[in-house]
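Before any comments, here is the structure.
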Amino acid sequence: MAELAIEVRGLRKEFTVRRKVGRLRRQRQTVAAVAGVDLSIERGELVGYIGPNGAGKSTTLKMLTGILYPTAGEISVCGMQPVPQRARLARRIGVVFGQRSALWWDLPLRESFDLLRHVHRVPSAEHATRLATCRRLLDLEGFLDIPVRQLSLGQRMRGELTAALLHNPEVLFLDEPTIGLDVVSRQAVRAFLAELAMRGDTTILLTTHDLADIERLCRRLVVIDRGRVVHDGSLEDLHARYGSRRRIVVDLDEPVAGGLDVPGASIESVTAEGRRITYTLHRGTAGQVVARLARLGSLRDVSVVEPDIEDVVARLYTSGSV
Amino acid sequence: MAERLLAYRHLFAAQIRSQTQYRASFAMDLASSAGFAVMDVLSVLVLFRMTPALGGFGAAEVFLMAALAMVGFAIADLIVGNVERLGVYVRTGLLDAVLIRPLGVLPQLIAIDFAPRRIGRVAQSLLALAVGFTVVDVDWTPSRVTMALLAPVTGVVLFSGLFVAGATLAFWWIESGEFANAFTYGGRDFTLYPVSVYSGWFRRLFAYGLGLAFVSYYPVLVLLGRPDPLGAPEFLAWLGPPVAAGVAVGAGLLWRTGLRHYRGTGS
């Protein structure tokens with residue numbers, strides 16, 4: 001228990017929704033947004049919590065941070081129960097909601113940071129050191145004195161990240177921190193998180209729809225669908241489990257009549273009037289495929305396509321029950 | 001504890017700085033809200049052009065009653081009146097940002113929505129109360145002085161409780177604002193007049209159910225040394241503070257229950 005930053009057992013959250021049936025009648029219905037999640041995260045881990053819209057990601061995060069009251073199940077974050085010990089826990093965790101601001105809208109960014117120093121009761125020397133680090137790593141220099149409402153989304157998000165880290169939290173919860181950001185800001189945020197994760201003293205739970213975030217940052221992925229965990233493991237495990245393979249695309253000068261079969265690989269498609277052949281590799285190597293085809297005719301181009309997380313996730317999202 | 005209070009003070013100051021970012025609209029607010037307080041009290045007197053007495057009380061006595069009610073309401077409104085914005089926080093999910101800070105939710109909402117323009121109303125109502133005490137002949141005794149001091153505090157606590165309880169409804173029912181207003185602003189209007197002008201279930205609900213008779217009616221009876229035309233014993237007037245405390249505690253419990261029902265909004 002002491003080693004775990006987050007431990008969750010049988011977590012459920014049910015909402016009652018009223019649905020219109022007929023002209024006036026409404027039907028009450030109980031919907032489980034989170035339907036029995038178990039999760040153990042060790043100190044210093046960075047875990048990607050992914051899943052389609054409405055899978056229960058945000059709801060889980062809100063229960064872990066003490067915002068929502070769980071219907072059932074046990075939660076321990078930093079050894080505390082989030083709802084009963086919300087205020088105490090808040091001093092030890094940092095939270096960033098991509099679609100909400102924790103900053104003071106009408107005040108300059110610098111003043112928000114100063115307010116948070118008082119809210120979290122951080123000694124000013126410590127505060128100054130951490131702020132200096134964030135200023136450097138997140139490049140806040142140009143806009144510290146601008147009211148938050150006038151910041152661009154990318155600037156604001158860098159501000160939000162700083163705000164969540166100034167009290168040196170043990171666990172950082174990030175709910176879609178890169179949503180809506182431009183490429184440059186996205187990379188800045190990603191690089192910053194990678195650095196934070198590498199130092200290893202902050203546990204990070206991240207929800208995202210951005211596959212580049214996942215590939216770059218998350219060694220461990222927890223995939224949730226319809227309120228349940230459907231995968232918990234590395235990105236490689238996910239590929240292995242859902243049968244994502246490397247593919248090899250071969251362009252020939254002239255179409256060939258037959259003999260395209262290669263042991264250890266299967267033909268996925270033949271296009272461009274027989275001049276482009278796509279194989280999926282099972283046991284064979286790309287070299288074997290190329291060697292075989294070279295005997296059939298002259299090759300114009302060969303490319304190897306690495307398995308794409310996008311495909312895996314898309315398959316996960318659409319298949320429903322996996 | 002001291003550190004916590006300091007944190008609230010900083011939130012408070014930040015809110016005032018935020019408000020002064022929009023100087024012109026702040027000035028307008030201040031001017032208009034100050035005007036309204038005077039109108040509320042004076043509107044009571046208009047009735048006396050039609051009738052010499054209301055529920056057995058003369059114009060000066062009702063004026064004192066109305067002023068006392070306004071003081072209680074204006075101060076409560078200044079301090080906690082802004083919790084009525086809870087509905088906005090619940091609907092937009094902004095409450096999330098409040099919940100992730102290591103401070104109480106209710107005190108934070110009070111601090112971050114503090115509306116300094118309401119100070120104007122407090123000042124005006126206090127002025128009205130001072131006038132009220134000069135136009136009514138009070139035969140001052142130690143117990144009447146005590147009542148004169150306790151009554152405004154009772155009003156502040158009771159109205160604060162109503163404000164919090166009313167706002168809490170937003171956890172279950174987001175569009176509850178108007179319903180809650182019926183009890184907060186409606187409660188204020190109720191206390192402007194003697195309880196004896198009302199009748200039936202309406203009187204029972206507002207005067208005794210919500211305890212609003214203790215805001216201005218009973219205190220003025222004590223100050224004037226008059227028996228209650230409705231027959232309540234004199235000692236009842238002194239139960240105001242515990243009744244107000246009860247309402248405040250009830251509102252606090254309701255608030256805690258409501259917070260557990262907070263559903264947030266999508267992502």
Original post:
So which of A:Val95, A:Leu107, A:Leu103, A:Leu89 has the biggest tally of heavy-atom pairs under 4.5 Å with chain B?
Top reply: A:Leu107

Subject >> Chi angles and distances behind the salt bridge (Lys or Arg N to Asp or Glu O under 4.0 Å) call for B:Asp77, B:Arg188 >> reply: CA-CA 11 Å; B:Asp77 192 32; B:Arg188 175 198 61 188; over 6 Å; no

Original post:
Side chain, backbone, both or neither: which part of A:Arg121 has an atom under 4.5 Å from a heavy atom of chain B?
Top reply: side chain

Subject >> Residue selection (most heavy-atom pairs with chain A, distance under 4.5 Å) from B:Arg17, B:His261, B:Arg4 >> reply: B:Arg17

Original post:
Is chain B contacted by the side chain of A:Ile67, its backbone, both, or neither, given a heavy-atom distance below 4.5 Å?
Top reply: both

**OP:** Check each atom of B:Val105 against the heavy atoms of chain A and say whether the ones under 4.5 Å are side chain, backbone, both or neither.
**Re:** both

Subject >> Pairwise side-chain contact, B:Leu11 with B:Gln108, heavy-atom cut-off 4.5 Å (strictly under) >> reply: yes

Original post:
Hey, which of A:Thr203, A:Thr207, A:Ile41 is the one that makes side chain to side chain contact (heavy atoms under 4.5 Å, CB included) with A:Val47?
Top reply: A:Ile41

Subject >> Option in A:Lys13, A:Arg91, A:Arg117, A:His118 with maximal non-hydrogen atom pairs under 4.5 Å from chain B >> reply: A:His118

Original post:
Does any heavy atom of chain B fall under 4.5 Å from the side chain of A:Ser101, the backbone, both, or neither of them?
Top reply: backbone

Original post:
If you measure only the distance, is there a donor-acceptor pair under 3.5 Å linking the side chains of A:Asn53 and A:His209?
Top reply: yes

Original post:
Side chains of B:Arg203 and B:Tyr198: is there a donor and an acceptor less than 3.5 Å apart?
Top reply: no

Original post:
Just by distance, do the side chain of A:Gln155 and the backbone of A:Ser152 share a donor-acceptor pair under 3.5 Å?
Top reply: yes

